[in-house]
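Being a predicted model, the structure only gives us computed values, none of them experimental.
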Amino acid sequence: MGSFALHSLSAAAPSSVSTRPSLFRRPRPASISPPSIPYLTPPPPLPAIRPPPATPQPSPAGLLSLHHPLSFNNSRRPNFISRTSSSSPQPETTPPPPPAKPILEGAKPLPFAISIAIGLIVRFLIPKPVEVSPQAWQLLAIFLSTIAGLVLSPLPVGAWAFLGLTASIVTKTLAFSTAFSAFTNEVIWLIVISFFFARGFVKTGLGDRIATYFVKWLGKSTLGLSYGLTLSEALIAPAMPSTTARAGGVFLPIIKSLSLSAGSRPGDSSSRKLGSYLIQSQFQSAGNSSALFLTAAAQNLLCLKLAEELGIIISSPWVSWFKAASLPACISLLATPFILYKLYPPETKDTPEAPAMAAKKLQNMGPVTKNEWIMVGTMLLAVSLWVCGEALGIPSVVAAMIGLSILLLLGVLDWEDCLSEKSAWDTLTWFAVLVGMAGQLTNLGIVTWMSDCVAKSLQSFSLSWPAAFVVLQASYFLIHYMFASQTGHVGALYSAFLAMHLAAGVPGILAALALAYNTNLFGALTHYSSGQAAVYYGAGYVDLPDVFKVGFVMAVINAAIWGVVGTFWWKFLGLY
């Protein structure tokens, strides 16, 4: 700015010299005034530069021009300073604003009080059953207080889980080594590394490119556009195990771009042209994509780990999961866009410009980059090892570690990317706490005691295991209206409901997998039921009543598809 000011002032210097009175006896015509005169003529005396105390100080740019060595060769600088110091009005003195109310830091008082009260009531007011040891009952109280905090959120999830872990050590309920034993759990580290893979998809743009290709191939109509987005998510899901990352990092930007180009804007009546339908279709399909593959969602891995704590070991977990989910999940994926096209129809039926937009976007993206090819090859290797790892003697977490090491060595990801993936480290903290507590509750006999109580209640109703299976699965699903997190729901209730299934005589593998599939399907119930729910609802294309209405209707439809098709398919696979 200083050089610009000098250039402007020096450019104006000839005119200022020609108009001011000359100091020589014979004034020369202004038109032949030599350019050296400004340097020969001493500057006139400056007016008082110091402003009165109440006058604001000059700006940094003005100070820079004032103290520059060439600034005194310009005759307008004194006039400017004079005007600034003498003619500027005095600022009115205003009273200082009242001090802002201090922002409350730390835990939210009411959720904190409720969460702590639940644990204290269980510990001191509810009589301890004879079959349960004092240590187990005290751990149950801490666990329930921790779960209540995960639901009510007096602190961030990871922080509250750490407080629960600390309480279990301070009260000598658990030894330090026992309390932290789950931090070395293989499944939890597989979840953490999966978050890094998801970051690689977003960073390289590979996920965006895959989705754009499907829009180019299938996007001539609104229904085809929806199928293109749905199929692309199913393809990406096994290597991008965060539904929130897929929603916010890949599909929502594409949906918004397509909707705005069709004149469908969020927050007004035009949203029903295209955007509302695409949002609802993608949102409802995401649960089936997550249920199709074991590595498509973090909660899937947690479910199998909790099932293992109850003695249910699933051999070849990746393959077993996919085989059991493949038929009902694929049918639901194919049915969801069409059903919503009839129940929640878009006003715009044809989108002939979408393939052209996708082709132009692909052209702007250029050819597939080296990092994208590396990402493709690494994920094919990782998925292959997940499928064949048991035969090769390579655990799933080791396959993930190999893939991450390749991405780091070849520069697709750097360590800063891993360190900045806060959700991964947060997940490590609170998943480990929940898994550790749940494991110790099993070891101390709490889960066995609960399952025995449920078994007696079910026997009193004379329910067969298929009837008990339906009742428990429906209860597990509908109770998610009280939860704002799929993983929180799993941590709070999965082990308990699985124990109830076992007590009712439901085959263990069937119960474990069905509950895990349910965990993905109820992520589209409400606008707060999952991370992707908040992402899609926040786009502004869908009204809240429609979220609840469509969520409930699709829940019933999915239950029918998975219940009917799944029953015959799981019987064919020998799960019961």
Side-chain angles (χ1 to χ4, degrees), residues 105-189 191-192 302 305-311 425-454 485 487-500:
E105 297 180 352
K108 301 173 185 175
L110 184 58
F112 174 80
I114 295 174
S115 302
I116 295 296
I118 289 174
L120 294 176
I121 289 172
V122 172
R123 175 64 181 86
F124 296 105
L125 298 183
I126 297 179
K128 180 184 72 66
V130 178
E131 303 89 344
V132 178
S133 67
Q135 180 189 8
W137 193 249
Q138 185 160 289
L139 180 59
L140 177 62
I142 296 174
F143 180 75
L144 292 177
S145 182
T146 303
I147 294 300
L150 297 183
V151 175
L152 300 175
S153 299
L155 285 174
V157 172
W160 186 256
F162 186 79
L163 262 64
L165 188 68
T166 303
S168 68
I169 297 173
V170 170
T171 58
K172 298 183 179 181
T173 307
L174 296 176
F176 184 89
S177 58
T178 305
F180 278 87
S181 60
F183 280 83
T184 60
N185 186 280
E186 292 183 2
V187 172
I188 295 174
W189 279 101
I191 294 171
V192 172
L302 179 60
K305 179 58 186 175
L306 294 175
E308 184 180 327
E309 297 286 347
L310 293 178
W425 303 113
D426 185 55
T427 299
L428 170 65
T429 302
W430 71 279
F431 265 31
V433 172
L434 290 180
V435 169
M437 286 188 178
Q440 291 305 312
L441 286 173
T442 301
N443 294 337
L444 294 173
I446 285 289
V447 175
T448 302
W449 167 73
M450 292 177 61
S451 61
D452 290 342
C453 293
V454 173
S485 166
T487 47
H489 189 144
V490 170
L493 297 177
Y494 181 87
S495 295
F497 269 82
L498 182 55
M500 295 176 196

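- Scored by the salt bridge (charged side-chain N to carboxylate O under 4.0 Å, His left out) test, Glu308 finds Lys305 as partners (sequence neighbours excluded).
- Taking CZ of Arg123 as the reference point, atom CG of Leu140 lies at 11.0 Å (rounded to 0.5 Å).
- The ring-ring contact (aromatic ring centres under 6.0 Å, His included) search around Phe180 returns Phe176, Phe183, not counting sequence neighbours.
- Nearest approach of Ala438 to Leu306, heavy atoms of both residues: CB-CD2, 3.9 Å.
- A donor-acceptor pair under 3.5 Å is formed between the side chain of Trp137 and the backbone N or O of Val122.
- Interatomic distance, CD1 of Ile121 versus CD1 of Ile116, reported as 11.5 Å (0.5 Å rounding).
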Evaluate the criterion side chain to side chain contact (heavy atoms under 4.5 Å, CB included) for residue pair Leu434 and Ile147; output intermediate values, then yes/no. CA-CA 9 Å; Leu434 290 180; Ile147 294 300; 3.6 Å; yes
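- The side-chain hydrogen bond (donor to acceptor under 3.5 Å, both in side chains) test applied to Thr171 returns Thr173, not counting sequence neighbours.
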Given the rule in the side chain to side chain contact (heavy atoms under 4.5 Å, CB included) test, do Trp430 and Thr487 qualify, once you have shown the distances and angles that lead to the verdict? CA-CA 10 Å; Trp430 71 279; Thr487 47; 3.0 Å; yes
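- With rounding to the nearest 0.5 angstrom, the CG atom of Leu174 is 8.5 Å from the OG atom of Ser181.
- Contact annotation: the side chain of Trp189 approaches that of Leu428 to within less than 4.5 Å [non-hydrogen atoms, C-beta and beyond].
- Applying the side chain to side chain donor-acceptor pair (under 3.5 Å) test to every pair with at least one member in residues 139-159, sequence neighbours left out, gives no pairs at all.
- We find the CG-CD distance between Asn185 and Glu309 to be 7.5 Å, quoted to the nearest 0.5 Å.
- Taking Phe124 as the reference, Leu120 meet the side-chain contact (heavy atoms from CB on, under 4.5 Å) condition, with sequence neighbours excluded.
- Shown here are the side-chain contact (heavy atoms from CB on, under 4.5 Å) partners of Leu163, two or more places apart in sequence or in another chain: Leu155, Trp160.
- For Glu186, the CD atom sits in a loose shell: 12 or fewer heavy atoms of surrounding residues, nucleotides or ligands are nearer than 6.0 Å.
- Annotation for Ala432 and Ala182: closest pair O-CB, 3.2 Å, computed over non-hydrogen atoms.
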Apply the test side chain to side chain contact (heavy atoms under 4.5 Å, CB included) to residues Lys108 and Leu152: give CA-CA distance (whole Å), side-chain angles for both, the deciding distance (0.1 Å), then the verdict. CA-CA 9 Å; Lys108 301 173 185 175; Leu152 300 175; over 6 Å; no
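- Between the CD atom of Gln138 and the NZ atom of Lys172 there is a distance of 11.5 Å, given to the nearest 0.5 Å.
- When all heavy atoms of Leu165 and Met437 are compared, the pair lying nearest together is N-CE, 4.0 Å.
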